[in-house]
Every structure is written in structure tokens, then in C-alpha cells.
Amino acid sequence: MRTTPLPGIGVQYDLTTREHRQLSVIAHRDGTRTVNVYRGDDPDACAQSVHLTEAETASLIDALLPAHHSPNVLHTTDLGLVAERIELSAHSYWNGRLLGETRMRTDAGASIVAVLRRSGAVPSPTPAFRFAGGDTLIVIGTREGVDAAAAILGRE
């Protein structure tokens, strides 16, 4: 599996199957997904593309991973919430600044619940947490809140 950030769009996940078939899933920022299947004789030529709504994506996940149903698992889409990874570039305005300076909950209505860094994960970072370029932030909130957070965090 290879992951490619698509700025302003979302993230693309590319997979080569055991039978050497090429698939990709584009996770759009609005919660929809596009699933692409490429031709076997030309892996650069898309043979089929299907755009799925957020609800259709959830149904497909249910079909692919039926064992994920657990009373302890938080299904954020059922609550009207989304969780998204947002990467800070090395040139980000927030590089070296404190999480509290973002005013994320106040201005966006979203929360940074974890930071993934090369040295490891930082769950529940405090307002005194200092960002570094290359950090991946796990943000949770409404779709609108996460979009507002992405706009704030995308500042360079």
C-alpha cells in the first residue's frame, strides 16, 4: 500500500494485489471515496472508477470488515463526526508553534486528539505541545469543523 497526499483533495491509497492488479482509493476531504481499478495490460489506464458517498463507503467497510463491529468502537460517522489526518509541511506557519496558539476548538470547533511524529505518537497533546514540520495531526469534529481546522493548519 502506498499513500499519497493530494493537497486540497484528500489522500490517495494505491494497492497492488497478489495477482498484480492495480487499485486505488481516493479519500476525498468531504468524506466520499473514489475507487479505481486499472487495466491488467496497462496499469496506467483506469478500467473502472466508482465514486461512493460517505454512507456507501461505510456500507462497503461493513462488507469488507464485518468483524469490526464492537460495542467499544466509536463509529464517528454515526455521530456526525469525522476524523482526519492533516499533515504539517516543513514550511508551515505552525512549525515550532504551540498547539494552544491555533485556537482550534474555539475557532474551528475541532480538536487535535493526537500527533504522529517520526519519534512516535503523542496522544491528547496539551496546549503547550510544540508542533514540528512533518507532524501528522489527528483532528476530530464535524465535517465543517475539520475543514476549518485544515484551513487553519494549512497556513504557510
Side-chain angles (χ1 to χ4, degrees), residues 1-18 22-36 50-156:
M1 179 79 73
R2 188 177 75 229
T3 304
T4 306
L6 302 173
I9 297 170
V11 178
Q12 180 170 327
Y13 301 91
D14 295 299
L15 171 73
T16 302
T17 69
R18 183 177 47 210
Q22 304 294 319
L23 304 171
S24 72
V25 175
I26 299 173
H28 299 272
R29 293 180 40 80
D30 66 0
T32 63
R33 302 291 188 265
T34 302
V35 179
N36 300 306
V50 178
H51 192 76
L52 302 172
T53 65
E54 196 169 350
E56 292 165 339
T57 300
S59 295
L60 182 58
I61 290 169
D62 285 340
L64 294 172
L65 295 172
H68 82 283
H69 292 286
S70 164
N72 297 327
V73 174
L74 174 63
H75 296 283
T76 56
T77 55
D78 295 342
L79 303 172
L81 299 174
V82 294
E84 188 167 308
R85 293 173 182 236
I86 299 175
E87 292 187 39
L88 287 183
S89 78
H91 306 290
S92 173
Y93 169 82
W94 301 106
N95 188 1
R97 296 185 183 265
L98 302 176
L99 182 149
E101 293 178 61
T102 67
R103 298 179 36 91
M104 191 61 58
R105 280 195 291 257
T106 303
D107 293 348
S111 296
I112 297 171
V113 297
V115 177
L116 308 177
R117 192 173 270 178
R118 287 183 196 100
S119 60
V122 179
S124 302
T126 68
F129 179 83
R130 193 170 298 279
F131 294 123
D135 283 350
T136 299
L137 313 178
I138 308 301
V139 180
I140 192 166
T142 63
R143 174 79 267 155
E144 295 80 17
V146 171
D147 286 345
I152 290 168
L153 295 167
R155 182 176 170 191
E156 292 196 9

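All heavy atoms count here, side chains included; hydrogens, waters and symmetry mates do not.
Here the shortest heavy-atom pairing between Thr102 and Leu153 reads CG2-CD2, 4.4 Å. Considering all non-hydrogen atoms of both residues, Ala148 and Ala108 come closest at CB-CB, 3.8 Å. Taking each heavy atom of Glu54 and Asp30 in turn, the nearest pair found is OE1-O, 3.9 Å. Thr57 and Gly31 get closest at one heavy-atom pair: OG1-O, 4.4 Å. Nearest approach of Ile26 to Asn36, heavy atoms of both residues: CD1-ND2, 4.0 Å. Residues Met104 and Ala149 approach most closely at SD-CB, 3.3 Å, considering heavy atoms.
Under the salt bridge (charged side-chain N to carboxylate O under 4.0 Å, His left out) criterion, Asp107 pairs with Arg103, sequence neighbours left out. Remark: Arg85 engages no residue in a side chain to side chain donor-acceptor pair (under 3.5 Å) (not counting sequence neighbours). Shown here are the salt bridge (charged side-chain N to carboxylate O under 4.0 Å, His left out) partners of Arg29, two or more places apart in sequence or in another chain: Glu84, Asp147. In this structure, the side chain to side chain donor-acceptor pair (under 3.5 Å) partners of Arg2, at least two apart in sequence or on a different chain, are Asp14. Every residue two or more places apart in sequence or in another chain that forms a side chain to side chain donor-acceptor pair (under 3.5 Å) with His28 is listed here: Thr34. A search for side chain to side chain donor-acceptor pair (under 3.5 Å) contacts involving Arg130 returns nothing, not counting sequence neighbours.
The side-chain contact (heavy atoms from CB on, under 4.5 Å) test with Leu88 is passed by exactly one of Val115, Thr136, Asn95, Leu137: Leu137.
Atoms CG and CZ, from Leu81 and Arg143 in turn, are 11.0 Å apart once rounded to the nearest 0.5 Å. Interatomic distance, OH of Tyr13 versus CG of Leu23, reported as 15.0 Å (0.5 Å rounding). Going from atom CD1 of Ile138 over to atom CD1 of Ile140 covers 10.0 Å, rounded to the nearest 0.5 Å. Atom-to-atom distance recorded for Phe131:CZ and Ile112:CD1 is 4.0 Å, nearest 0.5 angstrom.
More than 12 heavy atoms of other residues, nucleotides or ligands sit less than 6.0 Å from atom CZ of Arg97.
Distance alone, capped at 3.5 Å, is enough to place a donor-acceptor pair between the Ser89 side chain and the His91 backbone.
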Test Arg33 against Leu60 for side chain to side chain contact (heavy atoms under 4.5 Å, CB included), laying out the working first. CA-CA 11 Å; Arg33 302 291 188 265; Leu60 182 58; over 6 Å; no
